[in-house]
Every structure is written in C-alpha cells, then in structure tokens.
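Structure first, commentary second.
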Amino acid sequence: LEFRRVLFRSDDRSVEYWGELGRLASASGDNGLYAYALFQQFWCSYEGTAIDRLERAVMLGAEAHGWSARSAAYLASVRGDFSQAIEHDMRALALARDTNDVQLEVLALEKLANNFQYVGRLEDAIAYQREAIARATTEDAIRWNADQAEFWAVVVAPWVLVQEIGSTQ
C-alpha cells in the first residue's frame with residue numbers, strides 16, 4: 001500500500017520506493033511483482049534509463065506476467081506497431097483477469113481502446129474504453145472517496161480528460 005500511495009502522490013521518493021520493491025521482488029523470485037515495480041519505475045523516472053526498465057520487464061516473460069506484457073505493449077506502441085501492442089495488451093488483460101489485478105486490467109483496457117483507435121477500429125476502441133470506465137469506476141471511486149482526492153479536467157468537445165492531482169492524506 002505504501003508503494004502505491006507514493007506513486008499516486010508523485011512523491012520525489014517514488015523511484016527509490018519502486019526500486020526497493022523491485023529489488024525485494026527480484027530477490028524473492030517474484031518476477032510478476034518485479035515486472036510491476038519496473039513498470040512503475042518507468043513512469044516515475046525522468047532519467048535516461050527509463051525505457052531500459054520496460055525492456056527488463058519484458059525479458060521477465062510477457063507470456064507469463066501481466067506487467068511484462070503491458071511493458072511490451074507500451075514499447076510496441078512507441079514504435080508505432082499498434083497491432084503488436086494490441087496483441088500484448090490482450091495478453092496483459094487476460095493475465096490481469098487471471099490474477100485479479102484490477103489496476104492492470106483497467107490500464108490494459110484503456111490502452112487497447114487507444115491502440116484500436118490508432119488502427120482504425122473505432123467500434124472496438126469505444127467498446128474497450130467503456131469497459132475500462134465501467135471497471136475502474138467502482139474501485140477508483142472507493143479509493144478517491146477514502147483519500148478525498150482532487151482532480152483537474154480539460155474539456156475538448158466531445159472528450160473530457162480528468163486526472164487525479166493528489167489526495168489530502
């Protein structure tokens with residue numbers, strides 16, 4: 001819980017915390033947790049080795065670990081290979097559901113929506129985005145209520161971008 005809270009707060013110590021979680025996961029042989037820690041380090045890090053962390057997560061086994069598959073999907077989308085990104089995120093989604101990892105499930109659904117849009121499959125994009133919203137709503141609402149989260153929004157009709165900016169705890 002402490003690691004997740006640090007990430008949500010964008011604390012300067014985030015990379016340090018995620019790095020420690022990664023070291024502990026690696027030492028215990030938990031490659032799934034290690035891939036998760038590497039993925040989170042990527043999002044917190046502004047140094048030149050951020051992409052290396054995703055590549056390490058992929059090497060842990062994208063066929064067996066959901067966060068490894070999500071890392072592979074991200075790298076594929078950065079290369080512009082959206083079809084490959086869809087394949088990896090479909091795997092991440094299946095693994096997330098197998099392990100009841102709601103955070104990964106919602107992220108994979110959201111990214112599937114983005115990548116289906118990029119390949120021109122708009123009906124699929126809308127369906128996955130709706131599923132992501134429906135799945136995230138309950139889990140996130142409970143957390144946001146508990147943390148008394150604050151949000152900012154940008155409205156560009158017909159879309160609204162809403163993002164959490166912090167919490168009071």
Under 3.5 Å, side-chain donor or acceptor atoms of residues 108-115 against the rest of the protein: list the pairs with distances, not counting sequence neighbours.
residue	atom	partner	partner atom	Å
Asn115	ND2	Lys111	O	3.1

Next on the checklist: According to salt bridge (charged side-chain N to carboxylate O under 4.0 Å, His left out), who are the partners of Asp124, at least two apart in sequence or on a separate chain?
Outcome noted: Arg121
Checklist entry - Closest heavy-atom contact between Ala85 and Ala76? => result N-CB, 3.7 Å
Checklist entry - Leu60 versus Ser68: any side-chain heavy-atom pair under 4.5 Å? => result yes
Checklist entry - Linking Ile, Leu, Val, Met, Phe, Trp and Tyr through side-chain heavy atoms less than 4.5 Å apart, which residues share a cluster with Met59? => result none
Item to check | Beyond-backbone contact of Tyr74 with Val58, side-chain heavy atoms, under 4.5 angstrom | outcome: no
Checklist outcome for this item: Leu95 and Gly66 have their tightest heavy-atom pair at CD1-N, 3.5 Å
Item to check | Arg97 atom CZ, neighbour heavy-atom count above 12 within 6.0 Å | outcome: yes
Next on the checklist: For Glu63, is there an ion pair with Arg91 - N to carboxylate O distance below 4.0 angstrom?
Outcome noted: no
Checklist entry - Can you name the side-chain hydrogen bond (donor to acceptor under 3.5 Å, both in side chains) partners of Glu55, sequence neighbours left out? => result none
Next on the checklist: Quick check: do Leu21 and Tyr34 have side-chain heavy atoms less than 4.5 Å from each other?
Outcome noted: no
Item to check | Beyond-backbone contact of Ile126 with Phe116, side-chain heavy atoms, under 4.5 angstrom | outcome: no
Checklist entry - Just wondering, do Leu122 and Gln117 contact through their side chains at under 4.5 Å, heavy atoms? => result yes
Next on the checklist: Using side-chain heavy atoms (C-beta onward) and a distance below 4.5 Å, is Val102 in contact with Asn100?
Outcome noted: yes
Checklist entry - Looking at residues at least two apart in the chain, or sitting in another chain, which of them share a salt bridge (charged side-chain N to carboxylate O under 4.0 Å, His left out) with Arg23? => result Glu20
Item to check | salt bridge (charged side-chain N to carboxylate O under 4.0 Å, His left out) involving Glu87 - partner list, sequence neighbours excluded | outcome: none
Checklist entry - Between the side chain of Asp101 and the main-chain N/O of Leu104, is any donor-acceptor distance below 3.5 Å? => result yes
Checklist entry - Does the side chain of Leu107 come within less than 4.5 Å of Phe39's, by heavy atoms? => result yes
Checklist entry - With distance as the sole test, does Ser26 use its side chain to make a donor-acceptor pair with the main-chain N or O of Gly22 at under 3.5 Å? => result no
